[in-house]
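Taking it in order: structure first as structure tokens, then the write-up.
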Amino acid sequence: MNHPKPDNRSDNVKHLQKNIHNTIENYREAQDYLSEHADEITGAEKSQIEAKNERRLDSIRGFREEVKDEAAFQREQQ
């Protein structure tokens with residue numbers, strides 16, 4: 001019978017930090033794109049990019065909460 005691997009959370013904060021960094025980079029790239037091409041794109045495309053960036057900001061907030069939770073969990077384990 002196969003047993004599931006034990007939950008190894010030791011590198012979760014590292015992965016979350018990487019996700020935060022990547023999401024911030026994507027947010028900035030989209031903002032730069034909007035700034036550079038605002039007069040060349042349709043209103044619909046602009047709205048889509050802005051909506052996606054709002055979701056990115058929500059994700060960043062969620063990742064940061066997860067980092068706090070993971071830090072608390074790791075302190076409890078010590």
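Here, residue 1 is the first one in the sequence, and each next residue gets the next number. Not measured: the values here are computed from a predicted model.
- Residue L34 is not grouped with residue I24 when hydrophobic side chains (ILVMFWY) are merged at heavy-atom distances under 4.5 angstrom, including chains of intermediate members.
- The shortest non-hydrogen separation linking E36 to D39 is O-OD1, 4.3 Å.
- To the nearest 0.5 Å, the span separating CZ on R28 from OG on S35 amounts to 13.0 Å.
- Ionic pairing of R55 and D58 is not present here: no N-O contact between side-chain nitrogen and carboxylate oxygen is shorter than 4.0 angstrom.
- With rounding to the nearest 0.5 Å, the separation of CD1 in I60 from OH in Y27 is 8.0 Å.
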Check against side chain to side chain contact (heavy atoms under 4.5 Å, CB included), N19 and E66: CA-CA 11 Å; N19 288 342; E66 286 186 60; over 6 Å; no
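- Atom CD of Q17 is separated from atom CG of N22 by 11.5 Å, given to the nearest 0.5 angstrom.
- To the nearest 0.5 angstrom, L16 atom CG is 6.5 Å from E70 atom CD.
- Interatomic distance, E29 CD to N53 CG, rounded to the nearest 0.5 Å: 10.5 Å.
- Using a 4.5 Å heavy-atom threshold, the side chains of F73 and N12 count as separate.
- In this structure, CZ in R64 is found 9.0 Å from NZ in K68, a value given to the nearest 0.5 Å.
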